[in-house]
Each structure stands twice: as structure tokens, then as C-alpha cells.
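Start at 1 and go down the list; that is how both ligands and their atoms are numbered. None of these values were measured; they are calculated from a predicted model.
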Amino acid sequence: MGRRSFLGALAVTGGALLSGAAEAAAANMAPGPNMSWQDFRKLFALRPDRIHMAGMVLTSHPAPVAQAIEMHRAELQRDPVRYLDEKRWHFEREVSKAAAHYLNANTEDIALTDSTSMGTSFLYTGMKLKPGEEVLTTTHDHFSTEMALAECAARTGCTVRRISMFQDPAAADEGAIVDSIRRAITPKTRVVAVTWVHSATGVKIPVRKIGDVIQEVNRSRGENDRIYYCVDGVHALGIEDFTIPDLNCDFWIAGTHKWLFGPRGTGVMWGKAESWKITRPTIHTWDPDSLHAWIGWTPDVPVGGGRMMSRGGYHSFEHQWALSEAFALHEKLGKRRVQDRIHALNRQLKEGLRKIKDVRLYTPMSEQLSAGITCFNVGSLPAQVVVDKLFERKIVGSVTPYKASYARLTPGLMNSEAEVEKALETVRAIASA
Ligand SMILES: Cc1ncc(COP(=O)(O)O)c(C=O)c1O
């Protein structure tokens, strides 16, 4: 069934598969550079009686993504094996192409995963390091990075060194962050593993400047002792107006089910063509070139890095294949417009929060050092109490799942200035209670 006839069928059956709001949005509005943010919000079936400011955790699917999932699901329900046989590699390629286009990268260098955690785990657990070699990372990274690096150390005998890039996140300084990495690199350093936007504090680090420092160090090193620079980019994707070549890194990993609005359970990773050789797959690819050679049908041709690192096996294909729609949606909106909007909403939130007596803001005001995550606390209230009180007033936030826990609001494209104002009003009421 083609997309058009599928939508027709949906209309005939009353659109039971999509919510009324999302269906109406699908019929009446085409996302594009002129779509208003108010209309954009209508693409989501999010409950309207709540203010959703935790989209950085997990997305609701916007209408174009929800429709693509339903189209693939319907076909898989009708004939799973034939649909798979006929379409799998076509759709996987389309997803890699859409990601590569958005990132300005080569399709061959994109690997498909289920999440950021899967990407970082594949990358780090597979690293071909030796005892005596060192991974340099920081105290600001996510649990998934830390655990994947611990697995790498357990398997290879390498050591993991963690440094702090700043003491007070609100006062973080670009130059000091870059210097902290520069100073911590030793002749043993083979991998630098960082997170672009920290979900612990909202700090955005200068990834490119760190990349330039590493490139400089690598100039005097050979292939066997060069440093590989790896970035968890999940909270920059779908916010920052960037392309992969801007970052000067070896590997970049992101889940696509947060800011990008991709299907839940999807993610991508990118590696520089010549860098993939430092790691190996954990779940071997089922790419036909590899599988057919194993069976003996074709000569054994090496499969490129991105394809090799794309996990094999059967998956929730309706979600995997609908990911192209999320990249397409963001491209239609325009990266610069998306960035400006999310930064503006967070600026409004931070400016309001810092005027409230008893509120402590942990995220820097500077847009060079922050993106879509705003972290704060109110007086001596535990972060969970603040988030519970916000929720009593229908505002969905989250608590940072780290040792130091803060209340976190992450206004994104589904939110309005009025919603940010309402959140501020509520924090004011909590602070003065
Ligand atoms: C910085 C960071 N990295 C990785 C993750 C894990 O993301 P995923 O759900 O895509 O595995 C999260 C949050 O969940 C995060 O905040």
C-alpha cells in the first residue's frame, strides 16, 4: 500500500490509529520553513492539559513520523516476511541516506542503532585498546558512557581517566574546558570520550575547539598511537545548527528519539571512514554483502565501517524505517530556525529563573555554553520535590539522574513562550510557598 492510499484507508476507518489532532494536522498542514510553531505543536498527540518540558528524555511521535510507522506496521502485519525481504535494505539505506544528508556526511559512514546507549556501547566496548593505553573522559558524562568505558577497560585492560572540566557549571568557561582536556592528554591517551551537551547540568562544551586540540596532538603521532575523539551528541542533534565536518571528531553518536522526534528505539552513529578500524562490531551486521559471503554465494568483500557497525538481527522495523521522516521533518523546518527557537525559549526560561529569589540556576546563560536543557533548584528543596510540585500544576519536567540532582526543564519545539511563562509563574509560586 502506498503512502497516499494508506492515509486514505486511515480516513475511511476513522483514523483510529492516529489521534484526532494528529490526523487533522496531517491532512491540513505540511511542515515547512513557514509553518508556525503553533501549527507545529498540532503535529503531536501530546495531551493538551499538560505542559511538556521533558522532551529531552523521550519523544512523542509527530504526525509524519507516526504515519510512516503505521504504514510500515500495516504492511508488516499483512505479510511480514515478503515486506521484509523486498524492502529491508532499501529502507535501511534510505534511513542512512537521510541521516547522512542531514549531517552532511557519507552514507557509508552511518551506522543504525536503537539508542545513544547502544551506539556508545558498540563503540567503546569494541575498542581495540591495550593494557597501558588510556581513555580520557570526564565526570560530566552519562551513565551509559561511563558503563561502556568500564566494559572497555574490563575487556582490554586499558585504563579510564576521568577529569572535571569545571567546578561550577553556571560559571563554565570555554577556554578552561578546552584547557582541561589539553592538559590531561598524555602519551598514553588513545581515546577522548566526551558529551556535547551534558544532561546533568545543560552545559554545552566547545566540541570543535577540543577536536582542534586533539588534531594538533595527533600531528606528531603515528597511526598506532593517535587519539580517537568520540562525542555523545544526543542533546545537540535536533537543536544545534551543525554538520559533522564542523566537529572535527572521529565518532559522533546520538539517539534519534529525543530532540529529533524520531521513532522511539532509534539512533545513529557516525564514524570517519578511516577511524572505524579502531573498533569492532558487538552485534555483527546482517548486511547482504556480509551474509551472502558467509553463505558462499558471493566473494568476501569487506563491508564499510558504517554498514558493518549497523546491528544485525530482526528489529521493530516499523520504527527503524520511519526514522527518515524525522530527519526530513527537521530539514523542512530548517536547522537555523530550529536552533534559534530552542535557544530563545531556554533564554526566556533562564532569564526568568535567575530573577526568582531562592532559585539557583546551574546552566550557563551563555548560548555558546548551553542549548535546550535548563537545570535549577529551588532553595533547599530536593529536585524531586520541585519536579513533583511542577507536575501538580501540570508541568512535566524531569530530575537529572546523576549524583548531584537538579530540577530540569527542557523547552523545545512543541512549547510556546506562554508555556515557558507559565512554568516560571509556577516556579515563583513554589519558591515563595
Ligand atoms: C547525555 C546522554 N547520553 C545518553 C543518553 C541515553 O540516551 P538513549 O535513550 O538514546 O540511550 C542520555 C539520556 O537518556 C543522555 O542524557
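For atom 5 (C) of ligand 1, the nearest non-hydrogen atom from the set His140, His198, His142 comes from His142.
Per-residue contacts place Ser115 under 4.0 angstrom from the following atoms of ligand 1 (heavy atoms of the residue considered): 8 (P), 10 (O), 11 (O). Of all the atoms in ligand 1, the ones that sit under 4.0 Å from a non-hydrogen atom of Thr195 are 1 (C). Under a 4.0 Å criterion applied to the non-hydrogen atoms of His257, ligand 1 contributes the atoms 8 (P), 9 (O), 10 (O).
Judged by the shortest distance from any of its heavy atoms, Lys258 lies inside the 4.0 Å radius around the atoms of ligand 1. Using a 4.0 Å cutoff on heavy atoms, Ser144 counts as a contact of ligand 1.
If you check the side chains of Lys389 and Thr426, you find no donor sitting under 3.5 Å from an acceptor.
What sits closest to atom 8 (P) of ligand 1 on the protein, heavy atoms only, is Thr116 OG1, 3.3 Å. The nearest heavy-atom contact from the protein to atom 11 (O) of ligand 1 is Ser117 OG, 2.5 Å.
Note: an N/O pair closer than 3.5 Å links Ser199 and ligand 1 by distance alone.
Between Trp286 and Tyr314, the two ring planes are perpendicular [angle over 60°; tilted spans 30° to 60°]. Using cut-offs of 30° and 60° on the angle between ring planes, the pair Trp252 and Phe242 is tilted.
With salt bridges taken as basic N to acidic carboxylate O contacts below 4.0 Å, none links Arg190 and Glu134. A salt bridge is absent between Lys272 and Asp109: the closest approach of a Lys/Arg side-chain nitrogen to an acidic carboxylate oxygen does not fall below 4.0 angstrom.
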Under the criterion side-chain contact (heavy atoms from CB on, under 4.5 Å), I'd like the reasoning laid out for Lys204 against Glu174: C-alpha separation, chi angles, the key distance, then a yes or no.
CA-CA 9 Å; Lys204 177 176 76 182; Glu174 268 207 358; over 6 Å; no
Carefully, step by step, assess His284 and Ser290 under the rule side-chain hydrogen bond (donor to acceptor under 3.5 Å, both in side chains).
CA-CA 9 Å; His284 198 93; Ser290 182; 3.2 Å; yes
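Residue contacts with ligand 1 for His235 involve side-chain atoms from C-beta outward but no N, CA, C or O (heavy atoms, distance under 4.0 Å). Here Asp232 has side-chain heavy atoms under 4.0 Å from ligand 1, and that is the only part of it that gets that close.
Screening residues 377-400 for ring-ring contact (aromatic ring centres under 6.0 Å, His included), with sequence neighbours left out, gives no hits.
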